[in-house]
There are 2 protein chains.
Amino acid sequence: MIPEIDRIRTLLTAAGCAWTRPRAQVLAVLTAVAHPLRVEEIHRRLGDPRINLSSVYRALHLFHRLNVVRRLLLGDGAARYELAEAYRGHHHHLVCDACGRIEDVSRCPLEGRDLGAALGAAAAFAVRSHSLELFGL
Amino acid sequence: MIPEIDRIRTLLTAAGCAWTRPRAQVLAVLTAVAHPLRVEEIHRRLGDPRINLSSVYRALHLFHRLNVVRRLLLGDGAARYELAEAYRGHHHHLVCDACGRIEDVSRCPLEGRDLGAALGAAAAFAVRSHSLELFGL
DNA sequence: GAGGATTTGCAAACGATTTGCAACGGCCAA
DNA sequence: TTGGCCGTTGCAAATCGTTTGCAAATCCTC
């Protein structure tokens, strides 16, 4: 078994959640692919027609709540999901304005910077995470 | 008339688009407010019950295509719109994880950096714009 | 393997956004 | 200023992604 999946399974168990076939398969799909997927794409790749689309939605919600996956909203109507930073490393996305293709970049231009300070003002705001998407061609 | 609106009107005309009441009013709302608004919020603030919600959607699409407004997707189901950079200046958003409040920050931690270079790789990708949202409390 | 709690499949409900179409209203030419 | 053309609007219905209620199926503990 892929180590990430094992870690996640332990996490679920610790959170009192069952390790079920739909959840396992959704994770299998996410670990196998190198870019964010739409829910319907994940569902299509499950390879098990018995699994219902709403179970995929529910699994993704759970994973998102447990910080196992990250949710991306990139402009077309549908959300995309990918494994969270802890399982895939911190990265950002290049989104092509023309064809819509999405690619990962692992280098982060904000790395090591104190964002709170860099932004000045808003002292009351504690930055917990950031989301940076680059649009271009 | 507010100068930004005049500039935008000229832009529309140049693009062969009519300057109509719904379009003008949508812009009036957007220039009057200092943070991104949901479509339905914009519609509610128009002050003219004759204007239909779909006209607001269509106006916003047009404005988006002409780079007059910027579209933000921040996680709850609805898109938010604000005037584009050229009319409000470059800025980013602080999104509160707890209450959902959104605030602008005008300081940009990426300012003056060569993003293409900072990201390495992807030489074929020309960055045209970026979107940075900070989540925290 | 049995029992109880958690999940699932299914189908219907939902909210945001889009669309077809006839009526309307900007805008240019006369 | 007026007439008319073509883009734009209002309306209502369709669409899309996502969520939900509920009974049946599955998972986990003992």
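The chains referred to below are lettered A, B, ... by the order of the sequence lines, with proteins before strands, and numbering in each begins at 1. We use all heavy atoms of the structure for the numbers below, so side chains are in, but hydrogens, waters and symmetry mates are not.
- Considering only side-chain N and O atoms, Tyr57(A) lies nowhere under 4.0 angstrom from the phosphate OP1 or OP2 of dT19(D).
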- Query: Going through the distances and angles, do His35(A) and His91(A) end up as a ring pair (Phe, Tyr, Trp, His ring centres under 6.0 Å)?
  - Reply: CA-CA 11 Å; His35(A) 60 95; His91(A) 65 280; over 10 Å; no
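- When the options His43(B), Arg44(B), Arg38(B) are evaluated for a side-chain hydrogen bond (donor to acceptor under 3.5 Å, both in side chains) with Glu40(B), the one that passes is Arg44(B).
- For Ala78(A), the side-chain atoms get nearest to dG17(D) when compared with the rest of dT7(C), dG17(D), dA16(C).
- Atom P of nucleotide dC27(C) and atom CG of Leu12(B) are separated by 10 Å, given to the nearest angstrom.
- Judged purely by distance below 3.5 Å, without hydrogens or angles, the side chains of His92(B) and Asp104(B) never pair a donor atom with an acceptor atom.
- Taking every side-chain heavy atom of Thr20(A) into account, dC27(D) is the closest of dC27(D), dT9(D), dT18(D).
- Arg21(B) comes within 4.0 angstrom of nothing in the nucleic acid, heavy atoms only.
- One can place CG of Leu62(A) at 15 Å from P of dT20(D), the figure rounded to the nearest angstrom.
- What separates CG of Leu72(A) from C1' of dG17(D) is a distance of 16 Å, to the nearest Å.
- Taking atom NE2 on His61(A) and atom P on dG17(D), their separation rounds to 15 Å, with Å as the unit.
- The side chain of Leu53(B) sits closest to dT17(C) out of dT17(C), dT7(C), dT8(D).
- Distances were taken from every side-chain heavy atom of Cys17(B) (C-beta onward) to each of dT18(C), dT8(D), dA11(C); the shortest belongs to dT8(D).
- One finds no side-chain N or O of Asn52(A) lying less than 4.0 angstrom from the OP1 or OP2 phosphate oxygen of dT8(C).
- Whole-Å rounding puts the Asp48(B) CG to dG25(C) P distance at 12 Å.
- Residue Leu60(A) contributes atom CG, which lies 15 Å from atom P of dG17(D) at whole-angstrom precision.
- The shortest distance between the side-chain N/O atoms of Ser55(B) and the OP1/OP2 oxygens of dG10(D) is below 4.0 Å.
- Distance Glu41(B) CD to dA16(C) P: 11 Å, rounded to the nearest Å.
- No option in Leu72(A), Val39(A), Val56(A), Leu37(A) other than Val39(A) meets the side-chain contact (heavy atoms from CB on, under 4.5 Å) test with Tyr81(A).
- Set against dC27(C), dT20(D), dC28(D), the side chain of Ala18(A) has dC28(D) as its closest nucleotide.
- Contacts of Arg50(A) with the nucleic acid, taken as non-hydrogen atoms under 4.0 Å apart, involve only primed sugar atoms and P, OP1 or OP2.
- How far CZ of Phe63(B) is from CD1 of Ile8(B): 7.0 Å, rounded to the nearest 0.5 Å.
- For dG7(D), the base has no donor-acceptor partner in the side chain of Arg58(B) [N/O atoms by modelled type, under 3.5 angstrom].
- Rounded to an integer number of Å, the gap from CD of Gln25(A) to P of dT7(C) is 17 Å.
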